[in-house]
Visitor: 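Take this structure first; my questions come after.
Because only heavy atoms are used, hydrogens play no part in the values below, and waters and symmetry mates are left out as well, while side chains stay in. Proteins come first, then strands; the chains are lettered A, B, ... in the order of their sequence lines, and each starts at number 1.
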Amino acid sequence: MLETQNKIKNIIFQAIDEINLELPKNKQIVKSDNTQLYGSQSPLDSLELVNLIVSIEDNIDSEFDKSITIANEKAMSMKNSPFRDVISLVSFINELLEENE
Amino acid sequence: MNKIILITGTSKGIGRYLCEYYLEKGFTIVGCSRSESSLKNENYTHFCLNVSDEKKVKEMFHTIKKEIGTVDILINNAGIASMNHVLLTPMSTLENIFSTNVFGTYLFLREAAKVMMKKKWGRIINFATVATPLKLEGEAIYASSKAAVKSITEVSSKELAEYGITVNAIGPTPIETDLIRSVPKEKMDALIQRQAIKRLGEFRDVSNVVDFLIQEESDFITGQTIYLGGV
Ligand SMILES: NC(=O)c1ccc[n+]([C@@H]2O[C@H](COP(=O)([O-])OP(=O)(O)OC[C@H]3O[C@@H](n4cnc5c(N)ncnc54)[C@H](OP(=O)(O)O)[C@@H]3O)[C@@H](O)[C@H]2O)c1
C-alpha cells in the first residue's frame with residue numbers, strides 16, 4: 001500500500017523533473033508533498049499542467065502496466081481538486097489504480 | 001527509420017486500401033476495426049475493437065507502446081453513415097453515428113497525440129465528408145457528426161501545434177464502398193452534379209491527399225479540411 005504510494009509519488013516527481021528541464025532556473029518546480037499543481041498558487045501554467053498530467057499517465061502506464069485517465073470527470077468535478085498538491089494527487093491516482101484492479 | 005501509421009477502420013473500404021497502399025511503400029501499419037482483418041503482412045498488426053470503447057482504445061495504445069514503439073501518423077478513417085429523414089431518424093442511429101464518427105475520432109486523436117508529443121512530431125488526418133458543406137438532405141446526423149470532426153480538427157490543430165503535431169481532415173466525395181451502397185443511384189448522380197469535377201471519387205484521390213499531408217514539407221499545414229472534387 002505505502003509502497004504503491006511511494007511509487008506514485010516518484011512518478012510524479014519524475015514528471016516534474018521532465019517539466020523542469022524545459023523551465024528556466026528561477027522557475028523550477030519544487031518536488032515536495034505540498035507543491036501546488038493547480039490554482040493561483042501553483043508554479044505551473046495551464047499548459048505545463050497538461051504536460052505534467054500526460055507524462056504522469058504515461059509513466060503509470062509503463063510502471064504499473066495499467067492505463068488510467070487522470071483528468072477524468074471525477075477529478076474535474078471534485079470540490080477539492082486532486083491537483084491541489086502532490087500528496088492529494090498521489091491518493092487520487094492510488095484510488096484510480098485500485099478501481100482499475 | 002520507417003514511420004509507423006495507425007489507421008482506424010481497416011477491415012474494408014478506404015481504410016483497407018490505405019493499409020495496402022502504405023505497406024507497399026514500406027511503412028509499418030497498425031490497424032483496427034470491429035471485425036477481423038483478412039490482411040496478412042509481417043508489417044501489419046490488427047486490433048479488433050470498437051473505436052468508441054475508451055478502455056479498449058487505451059489498451060490498444062498501451063500495447064502499441066510496448067510492442068511496436070510509437071505512432072507517427074494517425075489516419076482516423078473509421079466511420080459509419082446512415083440516410084434518413086430527420087422526422088424518422090431513431091435515437092439509436094444518432095448514438096451509433098456519433099459514437100463512431102465523433103467519439104472514436106476524438107479518442108484516437110487524444111491518445112495518439114499523447115504518444116506523438118514526446119517526439120515533437122506527428123500527423124493526424126481525420127475524415128470529414130462533402131455531405132457537410134453540401135448540406136445533403138437525408139444526412140442530417142451523418143453530416144453533423146462530420147461537422148463535429150471538422151471542428152475537432154480545427155481546434156485541436158491549435159492546441160497541438162506546439163508539440164509539432166499537425167491535424168487536418170480530408171472530405172471525400174462519394175467513393176464506391178459499402179458505405180454508400182444503399183444510396184439510390186439518382187441521389188448519387190444528383191450529388192455528383194454539384195461537384196466542380198463531376199465523377200465518383202477513387203481511392204487514389206484519398207491517398208494523394210494523405211501523401212501530401214504526411215510529407216515532411218507539409219509541416220506548415222494544419223487545421224485544414226481538404227474537400228475532394230471541388231466542393
Ligand atoms: N465512401 C464514401 O463515399 C465516403 C465519402 C465521404 C467520407 N467517407 C469517410 O471515409 C471513411 C471510410 O469510409 P469507407 O467508405 O471506407 O467505409 P466502409 O467501407 O464502410 O469501411 C468502414 C471501416 O470502418 C470500420 N468501422 C466502422 N465502425 C467502426 C467502429 N465503431 N469501430 C471500429 N471500426 C469501425 C469498418 O470495419 P468493421 O465494420 O469491421 O468495424 C470498416 O473497416 C469514413 O469515415 C467515411 O465517413 C467515405
Side-chain angles (χ1 to χ4, degrees), chain A residues 4 7-8 10-24 27 29 37-38 43-77 82-83 89 92-101, chain B residues 4 6 8 30 32 45 47-72 74 99 102-122 124 152 155-165 167 222:
Chain A
T4 312
K7 252 183 168 174
I8 298 171
N10 279 333
I11 285 174
I12 297 174
F13 285 169
Q14 245 177 35
I16 293 179
D17 282 337
E18 281 172 37
I19 305 272
N20 275 340
L21 285 177
E22 313 260 325
L23 294 178
K27 285 202 149 174
I29 296 152
L37 303 172
Y38 176 73
L44 292 158
D45 69 20
S46 58
L47 263 182
E48 285 153 11
L49 179 62
V50 171
N51 293 345
L52 184 83
I53 293 172
V54 173
S55 154
I56 294 171
E57 276 183 8
D58 192 47
N59 293 340
I60 295 274
D61 192 307
S62 32
E63 187 80 15
F64 291 91
D65 217 15
K66 276 183 195 161
S67 304
I68 55 164
T69 304
I70 300 176
N72 63 12
E73 214 129 314
K74 203 166 136 206
M76 296 317 186
S77 61
F83 301 114
L89 188 56
F92 182 67
I93 293 175
N94 195 33
E95 269 171 45
L96 286 178
L97 286 171
E98 277 168 8
E99 282 167 21
N100 203 287
E101 284 298 326
Chain B
I4 299 165
L6 168 53
T8 64
V30 183
C32 66
T45 311
F47 289 81
C48 283
L49 54 74
N50 189 317
V51 290
S52 63
D53 184 336
E54 182 177 23
K55 195 156 179 275
K56 289 272 159 55
V57 174
K58 292 202 81 148
E59 279 166 17
M60 175 175 169
F61 275 89
H62 179 80
T63 310
I64 293 175
K65 279 188 268 181
K66 263 176 53 177
E67 290 170 14
I68 300 165
T70 187
V71 173
D72 299 299
L74 166 66
S99 289
V102 184
F103 304 165
T105 296
Y106 187 77
L107 287 174
F108 273 83
L109 176 141
R110 188 185 75 193
E111 295 309 315
K114 287 180 191 171
V115 180
M116 294 168 176
M117 66 193 274
K118 283 189 251 168
K119 301 167 296 168
K120 294 231 175 255
W121 197 98
I124 297 176
I152 290 170
V155 176
S156 62
S157 73
K158 300 206 173 189
E159 294 185 12
L160 298 177
E162 74 158 302
Y163 302 111
I165 301 170
V167 191
T222 195

Visitor: Quick one: pull up CD in B:Glu54 and OG in A:Ser67 and give me the separation to the nearest 0.5 Å.
Guide: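 Between B:Glu54 CD and A:Ser67 OG, I get 10.0 Å after rounding to 0.5 Å.
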Visitor: Please check if atom CD in A:Glu99 has more than 12 non-hydrogen atoms from other residues, nucleotides or ligands closer than 6.0 Å.
Guide: yes
Visitor: Got B:Met117 and A:Asn51 here, is their nearest side-chain heavy-atom distance under 4.5 Å?
Guide: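 Yes, their side chains come closer than 4.5 Å.
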Visitor: Given that the side chain runs from C-beta out, which part of B:Phe61 has a heavy atom under 4.5 Å from chain A: side chain, backbone, both or neither?
Guide: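 No part of it gets close to chain A.
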Visitor: More than 12 heavy atoms of other residues, nucleotides or ligands under 6.0 Å from NZ of B:Lys158: yes or no?
Guide: no
Visitor: Looking at every non-hydrogen atom in both residues, tell me the closest pair between A:Ile68 and B:Lys58 and how far apart they are.
Guide: O-NZ, 3.1 Å
Visitor: Within a reach of under 6.0 Å around NZ of A:Lys27, are more than 12 heavy atoms found that belong to other residues, nucleotides or ligands?
Guide: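 Atom NZ in A:Lys27 is not crowded, with 12 or fewer foreign heavy atoms closer than 6.0 Å.
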Visitor: Using the side chain to side chain contact (heavy atoms under 4.5 Å, CB included) rule, take B:Glu159 and A:Val50 through it: C-alpha gap first, then chi angles, then the decisive distance, then the call.
Guide: CA-CA 11 Å; B:Glu159 294 185 12; A:Val50 171; over 6 Å; no
Visitor: Starting from the C-alpha separation in whole Å, work towards a yes-or-no answer on side chain to side chain contact (heavy atoms under 4.5 Å, CB included) for B:Arg110 and A:Thr69.
Guide: CA-CA 11 Å; B:Arg110 188 185 75 193; A:Thr69 304; 4.3 Å; yes
Visitor: Has B:Phe47 got more than 12 heavy atoms of other residues, nucleotides or ligands less than 6.0 Å from its CZ?
Guide: yes
Visitor: Does any heavy atom of chain B fall under 4.5 Å from the side chain of A:Glu18, the backbone, both, or neither of them?
Guide: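 Contact with chain B is absent: no heavy atom of A:Glu18 under 4.5 Å.
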Visitor: What part of B:Lys65 gets closer than 4.5 Å to chain A, counting heavy atoms only: side chain, backbone, both or neither?
Guide: side chain
Visitor: Pair A:Asp65, B:Lys66 - check side chain to side chain contact (heavy atoms under 4.5 Å, CB included), show working.
Guide: CA-CA 10 Å; A:Asp65 217 15; B:Lys66 263 176 53 177; 3.2 Å; yes
